[in-house]
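Reckoned from all heavy atoms, side chains included, excluding hydrogens, waters and symmetry mates.
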Amino acid sequence: MYGMELVREGQNRYRLKRSGNMRVDGFVYVNEYLLPLVRRDKSLEQLANAASLPGVVERVCGMPDIHEGFGLPIGGVMATAADGVISAGAVGMDINCGVRLLATNIMAKELKIPFLRRLIERIEEYVPTGVGKKGKHKAITGEIFEEVVHTGSRGIVKRGYGRPEDLGRTEEEGCLSGADLGAVSGEAYKRGAVQLGTLGGGNHFIELQVVEEVYDPAAGKLFGLEPGVLTVMIHTGSRGFGHQICVDYSKSLLPAARKYGIELPDRGLACAPADSKEGRDYYAAMACAVNFAFANRQLITHDVRCAFGDIFGCSPEELGLDLIYDVAHNIAKWEVHGGRKVLVHRKGATRALPPGHPGNPAVYRRTGHPVLIPGSMGTASYVLTGTGAAAETFYSANHGAGRTLSRTAAMKEISREQFEASMGGVLYNSRNYKELLDEAPGAYKDIDQVVETLAAINLTRKVARLLPLAVIKGKD
DNA sequence: ATGTTC
């Protein structure tokens with residue numbers, strides 16, 4: 001359909017030149033290791049498709065962890081003007097899939113392997129994991145769910161599941177405004193109302209980690225990250241609730257696009273003008289799922305703190321377990337870029353505001369907020385900060401390692417020996433390695449390469465590298 | 001990602 005011509009624009013940056021119906025160019029950020037990977041699937045074609053949508057501004061961006069998705073590639077950023085479109089497929093199935101990181105005041109080397117195992121077993125007693133699981137908190141009723149989709153983390157913290165300071169350490173303070181449950185289908189309501197406080201499956205996890213290296217001691221100190229410290233990373237999203245909202249609106253935005261005379265390059269990019277009834281409805285429903293996901297991670301944080309308190313035999317407060325930050329990886333948000341208000345769709349991309357930007361929480365104004373990048377199970381994760389130079393990506397960074405094998409390919413191609421070797425002794429909760437093969441480190445790109453690609457050209461700054469000790473994955 | 005082939 002398009003030539004997919006990539007022109008090198010200096011180190012690690014390639015321009016996807018405008019052709020066909022594209023309204024803007026694309027920037028794709030890859031190094032020598034990642035460049036061949038980006039051509040193995042339909043990522044570039046999907047990026048070009050997004051660049052053809054009405055109202056798209058400046059450029060579409062492909063992060064180093066880019067891979068083929070539904071509509072927009074995962075690792076894609078698209079910003080649209082106030083008179084442009086909003087697209088459900090450009091946010092993704094798992095709305096506000098995201099990550100939060102807790103810092104303890106415990107030195108990881110003090111913990112023996114049997115103790116770590118007891119810790120993850122106790123966390124699993126609190127947090128249901130796996131596809132289709134329902135929440136355990138009897139007090140979290142349908143009524144609370146209805147409030148939470150409008151108030152996000154706030155509705156959870158005010159009931160005692162968290163600390164007031166957690167809110168200021170969450171993107172959007174844990175609540176995206178404009179949510180309206182009236183825009184959500186009965187089906188989505190039914191699936192979501194019972195899933196608060198559940199981890200889910202796929203790439204979601206709770207991981208115990210140790211700070212291996214700190215690159216920026218000043219930022220590290222502010223974040224509570226010093227070498228040897230035990231951290232907890234929580235990666236989950238809006239579960240069946242966000243999934244159903246994406247499915248519902250990907251369908252209903254098809255006739256809407258026709259109605260407004262929008263030529264769709266791909267059904268996966270079904271969209272409507274952001275300022276239309278259909279577009280506003282999607283935004284209102286998406287915001288419900290965003291708030292659900294913030295609340296979900298908040299409730300799980302509470303459960304993790306309880307589990308630590310149980311196993312250490314003290315109050316969780318004595319162990320630190322402070323929230324460092326919580327970031328969204330799949331979201332569309334109104335932001336000001338280049339002096340105008342645009343709707344930034346980030347799908348598998350992390351907001352990365354620069355130091356001094358007023359959108360940072362007060363506590364992180366000087367450094368820029370922490371940018372949390374989970375690696376695959378068994379491999380390192382990173383904490384970064386944004387830079388002023390990243391204005392060209394609408395202040396966005398990559399969101400993880402990014403897949404290199406599909407789930408089915410990974411199940412078929414990775415042997416038990418390869419799996420165990422790649423895990424390097426990291427504890428995991430599953431009794432059967434086969435349940436985890438689709439998430440094996442070998443199914444993902446090299447996280448160090450992905451992170452270095454943006455850091456090398458000053459689009460991010462590395463703060464710390466974290467190594468996994470024990471991981472809880474969703475399983476049946 | 002997902003009541004994973006509603």
Side-chain angles (χ1 to χ4, degrees), chain A residues 41 43 46 65-76 87-99 127-136 145 184-206 234-252 254 267-268 285-286 288-290 292-294 296-297 300 327-332 345-350 374 376-377 399-412 430 432 434-440 443-444 472-476:
Chain A
D41 62 22
S43 295
Q46 292 184 325
D65 51 342
I66 190 171
H67 58 102
E68 185 178 332
F70 168 72
L72 191 68
I74 294 152
S87 169
V91 172
M93 290 284 184
D94 190 2
I95 297 165
N96 192 6
C97 183
V99 177
V127 185
T129 72
V131 175
K133 290 298 191 312
K134 296 181 178 180
K136 276 188 177 174
F145 166 79
V184 171
S185 70
E187 195 66 9
Y189 184 111
K190 193 175 81 186
R191 291 179 66 179
V194 295
Q195 287 190 318
L196 272 170
T198 64
L199 185 68
N203 64 1
H204 293 161
F205 65 71
I206 300 171
I234 299 167
H235 180 196
T236 184
S238 51
R239 310 284 290 98
F241 186 55
H243 179 266
Q244 190 64 47
I245 288 169
C246 181
V247 168
D248 291 342
Y249 278 92
S250 292
K251 282 181 194 154
S252 67
L254 282 171
R267 290 168 60 88
M286 177 204 65
C288 287
V290 166
F292 177 99
F294 282 137
N296 193 32
R297 292 194 289 274
I300 290 173
V327 292
H329 286 163
N330 288 355
I331 197 168
H345 299 68
R346 293 189 181 91
K347 181 178 184 181
T350 318
S376 61
M377 175 178 63
H399 85 305
R403 296 198 78 89
T404 184
L405 290 179
S406 69
R407 293 187 184 280
T408 45
M411 303 277 256
K412 204 161 56 186
S430 181
N432 185 352
K434 284 186 181 171
E435 292 180 319
L436 301 179
L437 266 189
D438 59 333
E439 285 294 317
Y444 283 84
I472 295 165
K473 294 289 284 185
K475 57 183 177 53
D476 296 326

Is A/Arg239 close enough to B/dT2 that one of its side-chain N or O atoms is under 4.0 Å from OP1 or OP2 there?
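True: A/Arg239 side-chain N/O within range (under 4.0 Å) of B/dT2 OP1/OP2.
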
Send over the distance from [X] [atom1] to [N] [atom2], rounded to a whole Å.
X	N	atom1	atom2	answer
A/Ile74	B/dT2	CD1	P	13 Å
A/Lys251	B/dT2	NZ	P	18 Å
A/Asp438	B/dT4	CG	C1'	10 Å
A/Gln244	B/dT4	CD	C1'	14 Å
A/Lys473	B/dT2	NZ	P	10 Å
A/Lys133	B/dT2	NZ	C1'	13 Å
A/His204	B/dT4	NE2	P	16 Å
A/Phe292	B/dT2	CZ	P	10 Å

With no hydrogens and no angle check, just 3.5 Å: does a side-chain donor-acceptor pair link A/His399 and A/Asp65?
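A pair is found: one side chain offers a donor N or O, the other an acceptor, under 3.5 Å apart.
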
Approximate separation, where rounding is to 0.5 Å, of A/His235 NE2 and A/Lys473 NZ:
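One finds 8.0 Å between NE2 of A/His235 and NZ of A/Lys473.
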
Mind checking the CD1-NZ spacing from A/Ile331 to A/Lys347? Nearest 0.5 Å is all I need.
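Between A/Ile331 CD1 and A/Lys347 NZ, I get 14.5 Å after rounding to 0.5 Å.
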
Aromatic plane relationship, A/Phe241 with A/Phe292 - under 30° parallel, 30 to 60° tilted, over 60° perpendicular:
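The rings of A/Phe292 and A/Phe241 sit tilted, inter-plane angle from 30° to 60°.
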
Base, sugar-phosphate, or nothing: which does A/Gly237 touch, judged by heavy atoms less than 4.0 Å apart?
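If one applies the 4.0 Å heavy-atom cut-off, A/Gly237 turns out to touch nothing in the nucleic acid.
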
